[in-house]
Amino acid sequence: MSREKIVVIDFGGQYNQLVARRVRECNVYCEIYSYKTDLKKIREMEPKGIILTGGPNSVYEEGAPSCGKELFELGVPVLGLCYGAQLMSHVLGGHVCKAPVREYGRIEVTVDRSSKLFGNVSEKTICWMSHNDYIEKPAPGFRVIAHTADCPVAAAEWVERGLYAIQFHPEVLHTQEGSRMLHNFVYEICGCVGDWRMDSFVETSIRAIREKVGSGKVLCALSGGVDSSVAAVLLSKAVGDQLTCVFVDHGLLRKNEGDEVEEVFGPNGPYELHFIRVNAQERFYRKLAGVEEPERKRKIIGEEFIRVFEEEAKKIGRVDFLVQGTIYPDVVESGLGGESAVIKSHHNVGGLPDYVDFKEIIEPLRDLFKDEVRKVGLELGIPEKLVYRQPFPGPGLGIRIVGEVTAEKVKMVQNADAIYREEIAAAGLSHMPDQYFAALTNMRSVGVMGDERTYDYAVALRAVNTVDFMTAEASQIPWEVLQRVTSRIVNEVAHVNRVLYDITSKPPGTVEFE
Ligand code: GLN
C-alpha cells in the first residue's frame with residue numbers, strides 16, 4: 001500500500017523526533033533519515049516533502065554536516081529548520097555567519113501572512129529560537145518572510161522552487177503556532193491529503209501480519225507495559241490462537257500489577273489467546289539475595305528473565321515467530337532507521353538470545369511513536385488504564401529499592417507506591433507529573449510512634465515533568481498532597497517511619513534511583 005510520506009533529514013538536532021511527531025499529528029506519515037542517506041534512496045521514496053532539522057554545528061565550519069544542492073532540485077518542497085534553514089541558504093549561495101546577537105528562548109516573530117507557510121498564523125507570533133548563527137543574506141531567489149528584533153531573516157521562501165527556510169523551531173510547543181505552520185507546509189505546499197490514521201493502521205497491519213504468519217506459531221513476551229500489550233492484542237486480532245503470550249512475573253512489579261495483566265490477557269479477559277503467567281517471584285528473590293550493586297542487580301534480573309522465558313518457550317515447542325514491542329524511537333536511537341534494528345530485543349524483554357527456534361521477529365509497532373502506540377491501543381479496545389500506564393523499567397522495583405532486594409522490601413515499596421498513586425489520582429492536579437513513584441531508600445532512622453522508639457526505613461517520593469525523558473525536572477506537587485501521602489505511608493506501611501521528597505533534576509540526577 002503506498003501512502004504519502006514526508007522525509008525528515010536529521011542533522012543532529014535535539015528535536016529531530018519532535019519534527020516527525022508533529023508531522024504525524026497532521027495525519028501525514030513521516031520518517032527520519034540521517035543526512036548521510038543517499039540522495040538516490042530519498043528520491044526513490046518519492047516523498048511529498050522534505051524537512052531538514054536543526055543541528056549543533058555551524059554550516060560554514062570545515063566538515064559540518066551538509067547536503068548537495070541536488071537535494072533542492074528534486075522538484076519536492078523542502079523546509080529547512082534552523083540549521084536546516086542555514087544550510088539551505090549556505091548551499092544555495094546565501095551568507096550565514098555568527099549572529100551579532102544570539103537568540104535563545106521564546107521570541108516574538110513578525111511574519112508575512114501572504115506566504116503560504118504562514119496562512120492563518122498571527123502577524124506577531126511567539127516562536128522558540130535557539131541559535132548562535134544567522135542568515136545574514138538569503139540565497140538569491142529567496143524572499144524574506146519573517147523577522148525578529150535581532151534576526152533580519154527569521155524565515156525566507158522561494159515559492160517557485162518550493163523552498164522554505166525557518167530560523168526558529170516550529171516543532172517545539174513553545175512556538176505557539178508551530179503546528180499550524182507545519183500543517184501549512186504539508187497540506188498547502190506539499191499537497192498532502194493526510195492518509196495516516198490509526199484505524200487504517202490497525203487494519204493494514206492485521207492484514208500484513210496474517211499474510212506473513214500463515215499458519216505458524218507466534219510467541220510474545222508480555223511485560224504488561226504499553227508497547228508489548230498493544231503488540232500482543234494486535235497479534236491476537238490477526239492470528240488468534242496461533243499466539244501464545246508469556247508473562248513473567250518477577251515479583252518486582254507494582255502492587256497488583258501481575259493480576260491486572262492477567263485480568264486483561266488471561267483466560268477471563270476479552271482476548272482469545274494462550275496466556276502463560278509464570279510466577280517466578282521466589283526464583284528472582286533467591287538470585288537477588290545479598291546483592292547490593294545496581295548494575296549487578298540489573299544483570300541478574302535481565303538474565304533470569306531470559307532463563308524463565310527460555311524454559312517456557314521450550315515447553316511450547318517449535319515457534320516460528322517472536323513478537324516484540326519495538327517502537328520508532330528505539331529504531332531511530334539504534335541508528336536512524338538504518339539496517340541495524342533487525343533484532344533489538346533488549347529494549348523490551350531484556351535481550352532475548354536466539355535460543356528459541358524461530359524464523360523471524362515481528363515488530364508491528366516499529367514505525368510508531370509512543371503516542372501513536374497509545375492510539376492504536378485505544379483503537380484495539382485495550383483499557384485506558386493500561387494504555388496510559390507510566391513508563392516502568394524492565395528490572396522493575398528491583399532498581400527502586402536501593403541496596404539489597406528482599407520480599408519484605410518489595411512489599412513496602414509496593415504499598416507506599418500504591419498510596420502515592422492513589423493520592424495523586426485523587427488530587428485532581430492541573431498538571432499531572434509525567435512520571436511518579438515511590439522508592440525505598442536503604443536508610444533507616446529513628447522515629448517515634450505511639451510513644452515508642454522506631455528504627456525503620458525511609459521512603460523517597462519522586463515525581464518529574466519531562467517531555468522526552470532525556471531531561472527532567474522535579475514536579476511541584478502541592479504541599480497538602482505530599483503531606484497526605486506522607487502521613488498515609490508512615491501510618492499504613494509497616495517499617496517505614498520517614499518520607500522524603502526528591503527534588504533533584506535530571507541531569508545531574510536520573511529519574512530512577514539505580
Ligand atoms: N548551530 C546552529 C546555530 O547555532 C543551528 C542551531 C540549531 O539548529 N538549533 O545557529
Side-chain angles (χ1 to χ4, degrees), residues 6-23 30 32-37 49-69 71-72 77-109 111 117 125-139 142 144-157 163-179 181-182 185 332-333 336 467-468 470-471:
I6 296 284
V7 166
V8 172
I9 300 190
D10 180 24
F11 289 93
Q14 32 172 343
Y15 311 123
N16 60 13
Q17 291 195 26
L18 278 184
V19 177
R21 277 180 54 182
R22 296 283 167 262
V23 171
C30 177
I32 306 169
Y33 291 91
S34 159
Y35 72 90
K36 294 180 185 143
T37 309
I50 295 173
I51 301 180
L52 314 180
T53 75
N57 300 78
S58 290
V59 290
Y60 48 79
E61 275 165 9
E62 192 69 41
S66 191
C67 65
K69 74 179 192 323
L71 182 67
F72 305 108
V78 183
L79 172 65
L81 306 178
C82 204
Y83 185 84
Q86 297 168 359
L87 185 65
M88 183 186 290
S89 312
H90 179 72
V91 168
L92 297 178
H95 191 246
V96 176
C97 58
K98 186 157 209 68
V101 182
R102 69 183 205 112
E103 291 175 298
Y104 186 81
R106 295 182 179 82
I107 311 269
E108 186 182 83
V109 177
V111 305
L117 198 55
T125 184
I126 301 296
C127 299
W128 183 256
M129 286 283 197
S130 169
H131 66 124
N132 298 309
D133 299 332
Y134 78 149
I135 302 167
E136 190 200 39
K137 200 159 80 38
F142 280 80
V144 176
I145 50 170
H147 66 272
T148 73
D150 293 311
C151 182
V153 188
E157 69 179 8
L163 302 180
Y164 295 80
I166 313 187
Q167 181 57 68
F168 51 87
H169 291 275
E171 70 276 23
V172 173
L173 289 177
H174 300 309
T175 297
Q176 286 170 1
E177 294 172 280
S179 289
M181 297 170 198
L182 290 171
F185 178 69
V332 175
E333 277 150 29
L336 294 165
V467 180
D468 50 13
M470 307 297 278
T471 61

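Counting starts at 1 for both ligands and their atoms, in listed order.
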Working for side chain to side chain contact (heavy atoms under 4.5 Å, CB included), residues Ile9 and Leu71: CA-CA 11 Å; Ile9 300 190; Leu71 182 67; 4.1 Å; yes
Backbone of Phe11 reached by a side-chain donor or acceptor of Thr53 within 3.5 Å: yes
Chi angles and distances behind the side chain to side chain contact (heavy atoms under 4.5 Å, CB included) call for Met181, Thr125: CA-CA 11 Å; Met181 297 170 198; Thr125 184; 4.2 Å; yes
Flag, side chain of Ser58 to backbone of Tyr60, donor-acceptor distance under 3.5 Å: no
Write out each pair where an N or O from ligand 1 and one from the protein are under 3.5 Å apart, with the distance.
{"residue": "ligand 1", "atom": "1 (N)", "partner": "Gly55", "partner atom": "O", "Å": "3.1"}
{"residue": "ligand 1", "atom": "1 (N)", "partner": "Pro56", "partner atom": "O", "Å": "3.3"}
{"residue": "ligand 1", "atom": "1 (N)", "partner": "Asn57", "partner atom": "O", "Å": "2.6"}
{"residue": "ligand 1", "atom": "4 (O)", "partner": "Asn132", "partner atom": "N", "Å": "2.9"}
{"residue": "ligand 1", "atom": "8 (O)", "partner": "Gly55", "partner atom": "N", "Å": "2.8"}
{"residue": "ligand 1", "atom": "8 (O)", "partner": "Gly55", "partner atom": "O", "Å": "3.2"}
{"residue": "ligand 1", "atom": "8 (O)", "partner": "Tyr83", "partner atom": "N", "Å": "3.1"}
{"residue": "ligand 1", "atom": "9 (N)", "partner": "Ser130", "partner atom": "O", "Å": "3.0"}
{"residue": "ligand 1", "atom": "9 (N)", "partner": "His169", "partner atom": "NE2", "Å": "3.2"}
{"residue": "ligand 1", "atom": "10 (O)", "partner": "Gln86", "partner atom": "NE2", "Å": "3.0"}
{"residue": "ligand 1", "atom": "10 (O)", "partner": "Asn132", "partner atom": "N", "Å": "3.2"}
{"residue": "ligand 1", "atom": "10 (O)", "partner": "Asp133", "partner atom": "N", "Å": "3.0"}

Closest contact, heavy atoms only, Met129 versus Ile107: CG-CG1, 3.5 Å
His131 side-chain N/O to Asp133 backbone N/O, donor-acceptor pair under 3.5 Å: yes
